[in-house]
There are 2 protein chains.
Amino acid sequence: MNTAKKHSKKRDAILQVIRSTDCHPSAEWIYNQVKPIYPDISLGTVYRNLALFEQSGEVVAIATVDGQKRYDATAATHTHFICECCKSVIDVETPQPFAEMYKALKKEHGFKADYHSLTFYGKCDKCQISN
Amino acid sequence: MNTAKKHSKKRDAILQVIRSTDCHPSAEWIYNQVKPIYPDISLGTVYRNLALFEQSGEVVAIATVDGQKRYDATAATHTHFICECCKSVIDVETPQPFAEMYKALKKEHGFKADYHSLTFYGKCDKCQISN
DNA sequence: CTAAAAACAGTAACAGTTCTCATTATTGTT
DNA sequence: AACAATAATGAGAACTGTTACTGTTTTTAG
């Protein structure tokens, strides 16, 4: 009777692509990866499913680089390094006590923070050499 | 002989608007503020000067909210709270030792980070009440 | 096998931003 | 004060990432 989510091969492929890379891809990048498998896939399908994944929390939008949203399928919030030269988005570890900051935000401002995003910007190792 | 930057009243007004607010405005918001002062200003001028300010470092793009870039004229890197409900971007203080993270990025990955961005997402005090 | 509707391809529409070009404002020089 | 030279601008076209629409295909339950 009510809207039941149906299974879809293309949706699976899209999620598979996002999960099997650590490059934090854009919609277009994902589209180009799925295309060889399903040559008739539409870019709209990628966007539509990305929206669904975002809603369900399976995928999260971590940054906008050069006007393009970049996605990540990793569950835990973590830190990123964005190279302003080659535009790559790279995972990095941060052993930091953010829990205290969440408490402070609530206590001092009354803000209820659900998650956070920490991103460093600069030049990655490769771009420092080549430029 | 070479390209000398000329003075411009409208550029001044744009920077003034960004400096005199703490709402981390979008290009359109800035445009609407400058319009009463210079009714013939063009949105293109705002974008053009924002690009110049970004280059010179006088203004920094701190986030993209609902597809719109948001700007900030504050020199020092600081932390923001973005309310996902009313889309407001609010400054918050974070007494955190990020200097160590910069060192670790260089040591462990070879990344030369120039600056960082820490943003918390959630519901601000007002939106918690009204929703 | 059939029928209801979710998912889709293809494409048009949309929004934020950038680009183009003719005009205006600024600046150094007479 | 008038004069180039050229930086800055307004208006609007063009571009780009994303979303919406429509008719068709695929999935799924009975």
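In what follows, chains carry the letters A, B, and so on, assigned in the order in which the sequence lines appear, proteins first and then strands, with residues in each chain numbered from 1. What you are looking at is a predicted structure, and each value in this text was computed from that prediction instead of being measured.
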Between D/dC15 (C1') and A/D66 (CG): distance, integer Å
15 Å

Testing the basics here: between B/R70 and B/C23, what is the closest heavy-atom pair and its distance to 0.1 Å?
NH2-O, 3.5 Å

Check the distance between C/dT17's C1' and B/E54's CD and give it to me in whole angstrom.
12 Å

Is the B/H116-A/Y121 ring centre distance short of 6.0 angstrom?
no

Which parts of residues 6-24 of chain A get close to DNA chain D, meaning a heavy atom less than 4.0 angstrom away?
A/K6, A/H7, A/K9

Take B/K106 and B/Y102 through the side-chain hydrogen bond (donor to acceptor under 3.5 Å, both in side chains) test and state the conclusion after the steps.
CA-CA 6 Å; B/K106 182 67 191 169; B/Y102 280 83; over 6 Å; no

Any side-chain N or O of B/Y47 under 4.0 Å from OP1/OP2 of C/dT18?
no

Over all strands shown, is A/G44 touching base, sugar-phosphate only, or nothing at heavy-atom distances under 4.0 angstrom?
nothing

Between C/dA15 atom P and A/K69 atom NZ, what is the distance in whole Å?
16 Å

Rounded to whole angstrom units, what separation is found between the CD atom of B/E28 and the C1' atom of C/dA15?
10 Å

Between A/F81 and A/F120, is the ring centroid distance below 6.0 Å?
no

Do NZ/NE/NH1/NH2 and the carboxylate oxygens of A/K103 and A/E108 come within less than 4.0 Å?
no

Output the rounded distance in Å from OH (A/Y31) to P (D/dG17).
13 Å

From CG of A/L50 across to P of C/dC8 the rounded distance in Å is 12 Å

Rounded to whole Å, the CD-P distance (A/Q68 to D/dT19) equals 13 Å

Residue-phosphate contact under 4.0 Å: B/R48 side-chain N/O, D/dA8 OP1/OP2
no

Nearest listed nucleotide, side chain of A/A27, among D/dG10, C/dT17, D/dT18:
D/dT18

Rounded to whole angstrom units, what separation is found between the CD atom of A/Q55 and the C1' atom of C/dA7?
15 Å

Salt bridge between A/R19 and A/D12, side-chain N to carboxylate O under 4.0 Å?
no

Looking only at side chains, do A/S26 and A/E28 share a donor and an acceptor under 3.5 Å apart?
no

